[in-house]
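Below is one structure, written out as structure tokens, with a few remarks after it.
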There are 2 protein chains.
Amino acid sequence: MAQTQGERKAETRARLLAAGADLFADRGIDGVSVDAVAEAAGRTSGAVYAHFGSKQGLLLAVLDAWKQSVLTVLFAEVAITDSPLGQLAAVWDNIGNNPDTDSDRWSLLEHELWQRAARDPEVADALRARSIESRGRSAHELSRWASTMSVQPVADPDDLATLVKALLTGLEMQRRIEPASVNCDLAVRGLAALMGMSPVPGDSDRTTSPRQRNTVTHDTPA
Amino acid sequence: MAQTQGERKAETRARLLAAGADLFADRGIDGVSVDAVAEAAGRTSGAVYAHFGSKQGLLLAVLDAWKQSVLTVLFAEVAITDSPLGQLAAVWDNIGNNPDTDSDRWSLLEHELWQRAARDPEVADALRARSIESRGRSAHELSRWASTMSVQPVADPDDLATLVKALLTGLEMQRRIEPASVNCDLAVRGLAALMGMSPVPGDSDRTTSPRQRNTVTHDTPA
DNA sequence: CACATTGCATAGTGGGCACTATATATGTAG
DNA sequence: CTACATATATAGTGCCCACTATGCAATGTG
């Protein structure tokens with residue numbers, strides 16, 4: 001007996017979710033056929049329909065499995081950095097400065113989902129739940145950070161988390177269109193302004209110069 | 001002679017572009033067939049291929065025709081507002097606080113294009129050109145504004161324009177997922193921080209309370 | 001008034017894809 | 001060992017859609 005049926009089923013499900021996340025991020029949801037996902041997972045489309053019922057079901061399951069993964073990594077990276085501005089730089093490096101990494105693909109997938117949410121209430125609900133939860137976690141970390149640093153951010157923790165996420169998201173988008181227009185120093189200046197850290201020293205300061213990339217890796221959620 | 005051939009051709013082209021922009025924004029590029037665009041324009045798919053060669057050609061033409069329209073309206077709205085914080089509020093109202101208006105649909109279309117640009121170099125080039133140009137205009141307006149107001153923004157005009165656009169884009173995205181988490185006051189606080197206007201008064205200040213909506217309208221570019 | 005050209009319509013055509021119906025093989029229970 | 005249950009494979013089916021080939025009526029030209 002190589003595997004029980006339950007084990008095989010669980011493995012198939014995990015493979016399909018991983019393949020779905022990968023391909024959806026790479027080629028876009030509409031650019032990927034159910035057969036392609038199944039093949040990438042070493043299965044056939046029959047398995048997808050047995051597990052998820054439809055392509056949409058697979059999509060929602062991918063979204064669900066994906067919760068928290070990016071934020072968890074982010075906090076880990078910030079924790080192992082020391083200077084205040086260096087920590088802001090670590091935030092940017094994780095969100096928007098990692099071409100061809102896991103976080104890069106997650107962010108493309110997030111955009112795919114966002115776009116679909118604009119027209120599909122079911123996806124919108126799922127994304128909203130995720131958004132509320134991750135903002136809560138960010139707000140907590142940000143308020144701890146602000147009191148440690150003795151700075152006065154421009155809004156209360158929850159609103160501050162919204163502003164920070166918005167700025168990072170917008171910068172990351174801009175970077176994809178026009179990489180030259182966005183760099184780490186710029187992101188740090190923007191973040192510092194929101195955190196109430198005035199005024200940021202110039203480029204000569206080494207805290208915002210190119211950093212050795214830390215290597216906390218993402219693991220695909222179960 | 002009702003129309004010369006040239007007039008008819010020009011009208012068909014304009015109709016197709018308008019219908020394409022509308023439908024692409026509404027249902028997504030992949031969610032709209034060439035036949036649907038043609039029908040919305042009162043023509044048939046033959047006209048689309050005669051004018052643009054392919055669906056992609058139509059898309060690029062839509063992108064091209066769309067240049068500047070949003071920024072032009074934005075500056076007009078800001079110009080007819082008086083108080084400094086009121087002007088920041090006017091910026092947000094135009095970018096992110098207008099459900100079911102033209103600017104709302106433009107922003108959805110912008111996201112459609114952004115997403116496609118992530119996988120299609122031809123679209124990416126077109127978007128990049130648009131981005132550079134509009135940042136230039138914004139930088140100019142922002143630096144004028146900053147010197148008029150005697151404030152010291154957190155970065156030079158070009159970088160400041162990038163930060164402002166990023167923040168507005170991110171807030172607008174967040175608003176679509178979770179409208180309650182973003183309001184005008186929050187946007188004004190964030191913008192003010194980037195502009196170096198410390199510290200923003202609380203909510204009781206009337207400058208950020210609900211404003212009568214101005215009515216500068218978009219015109220579909222020729 | 002011949003007749004070329006243009007602008008668009010009409011009518012396919014082939015391919016891709018979401019989804020279904022059913023078969024098969026492997027594990028499971030009595 | 002028999003009989004059933006389950007997980008996935010196989011083989012369609014019908015639809016949608018980008019794109020093409022061609023027709024045709026209106027416009028332009030001498």
Side-chain angles (χ1 to χ4, degrees), chain A residues 1-24 26-63 112-113 116 119-120 122-123 222, chain B residues 1-24 26-63 112-113 116 119-120 122-123 222:
Chain A
M1 183 199 311
Q3 280 179 312
T4 67
Q5 292 212 93
E7 283 167 352
R8 177 163 176 81
K9 186 175 185 177
E11 186 187 335
T12 296
R13 185 184 167 87
R15 283 179 176 223
L16 290 172
L17 288 175
D22 264 19
L23 290 181
F24 287 157
D26 260 11
R27 302 188 218 158
I29 297 166
D30 288 326
V32 174
S33 68
V34 172
D35 286 287
V37 174
E39 186 182 348
R43 296 290 187 275
T44 65
S45 64
V48 173
Y49 287 94
H51 277 271
F52 305 106
S54 65
K55 187 179 183 180
Q56 173 88 343
L58 170 63
L59 179 66
L60 291 172
V62 165
L63 202 169
E112 282 288 330
L113 292 166
R116 180 148 297 226
R119 295 172 196 102
D120 182 332
E122 203 175 8
V123 177
Chain B
M1 182 197 316
Q3 280 180 314
T4 69
Q5 292 213 94
E7 284 166 352
R8 176 163 177 82
K9 186 174 185 177
E11 185 186 336
T12 296
R13 186 184 166 88
R15 284 180 176 222
L16 290 172
L17 288 174
D22 264 20
L23 290 180
F24 287 157
D26 260 11
R27 303 188 217 158
I29 296 166
D30 288 326
V32 174
S33 69
V34 172
D35 287 287
V37 174
E39 186 182 348
R43 295 290 187 274
T44 66
S45 65
V48 173
Y49 287 95
H51 277 271
F52 306 106
S54 66
K55 186 178 183 180
Q56 173 88 345
L58 171 62
L59 179 65
L60 292 172
V62 165
L63 202 169
E112 281 288 330
L113 291 166
R116 180 150 296 225
R119 292 171 197 105
D120 182 332
E122 204 176 6
V123 176

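Only this structure's heavy atoms are used, side chains among them; waters, hydrogens and symmetry mates stay out. Within every chain, numbering begins at 1; the chains are lettered A, B, ... in the order of the sequence lines, protein sequences first and strands thereafter.
Rounded to whole Å, the distance from CG on A:D30 to C1' on D:dA18 is 15 Å. Whole-Å rounding puts the A:R8 CZ to C:dT28 P distance at 12 Å. If you measure from atom CG of A:D35 to atom C1' of C:dG16, you get 10 Å, rounded to the nearest angstrom. Per the geometry, CG belonging to B:L59 stands 12 Å off P belonging to D:dA18, to the nearest Å. Regarding A:E7, its CD atom lies at a distance of 12 Å from the P atom of D:dT8, rounded to whole Å. In this entry the distance linking CG of A:L58 with C1' of C:dC19 reads 14 Å, nearest Å. Nucleotide C:dT20 holds its C1' atom 17 Å from the NZ atom of A:K55, rounded to whole Å. Rounded to whole angstrom, the span from the CG atom of B:L16 across to the C1' atom of C:dA9 amounts to 13 Å.
Side-chain contact between B:L17 and B:L58 is present, with at least one heavy-atom pair separated by less than 4.5 Å. Taking the side chain as every heavy atom from C-beta outward, B:L63 and B:L59 never approach each other to under 4.5 Å.
With sequence neighbours left out, the side chain to side chain donor-acceptor pair (under 3.5 Å) criterion links A:R119 to B:E112. In this structure A:D30 satisfies the salt bridge (charged side-chain N to carboxylate O under 4.0 Å, His left out) test together with A:R116, sequence neighbours excluded. The side chain to side chain donor-acceptor pair (under 3.5 Å) check on B:Q5 picks up nothing, with sequence neighbours excluded.
Of all the residues in residues 39-52 of chain A, A:Y49 reach under 4.0 Å from DNA chain C with at least one non-hydrogen atom.
When the nearest nucleotides of DNA chain D are assigned to B:S54 and B:G6 by heavy-atom distance, the more 5′-ward of the two goes with B:S54.
Contact record, A:K55 with A:V32: NZ-O, 2.7 Å, taken as the closest heavy-atom pair. Between B:Q56 and B:D120, the shortest heavy-atom distance links the atoms NE2-OD2, 2.6 Å.
Within the 4.0 angstrom heavy-atom criterion, only backbone atoms of the sugar-phosphate kind lie near B:V32; the bases stay farther away.
When B:K9, B:R15, B:E7 are each tested for a side chain to side chain contact (heavy atoms under 4.5 Å, CB included) with B:E11, only one passes: B:R15.
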Polar atom pairs between nucleotides 23-26 of chain C and protein, under 3.5 Å, N or O only, would you list them?
none

Name every donor-acceptor pair, under 3.5 Å, that has one atom in a side chain of residues 36-51 of chain B and the other anywhere in the protein, sequence neighbours excluded.
| from | atom 1 | to | atom 2 | distance (Å) |
| --- | --- | --- | --- | --- |
| B:R43 | NE | B:T12 | OG1 | 2.9 |
| B:R43 | NH2 | B:T12 | OG1 | 3.2 |

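Among the nucleotides D:dA18, C:dC8, C:dC19, the one closest to the side chain of B:K9 is C:dC8.
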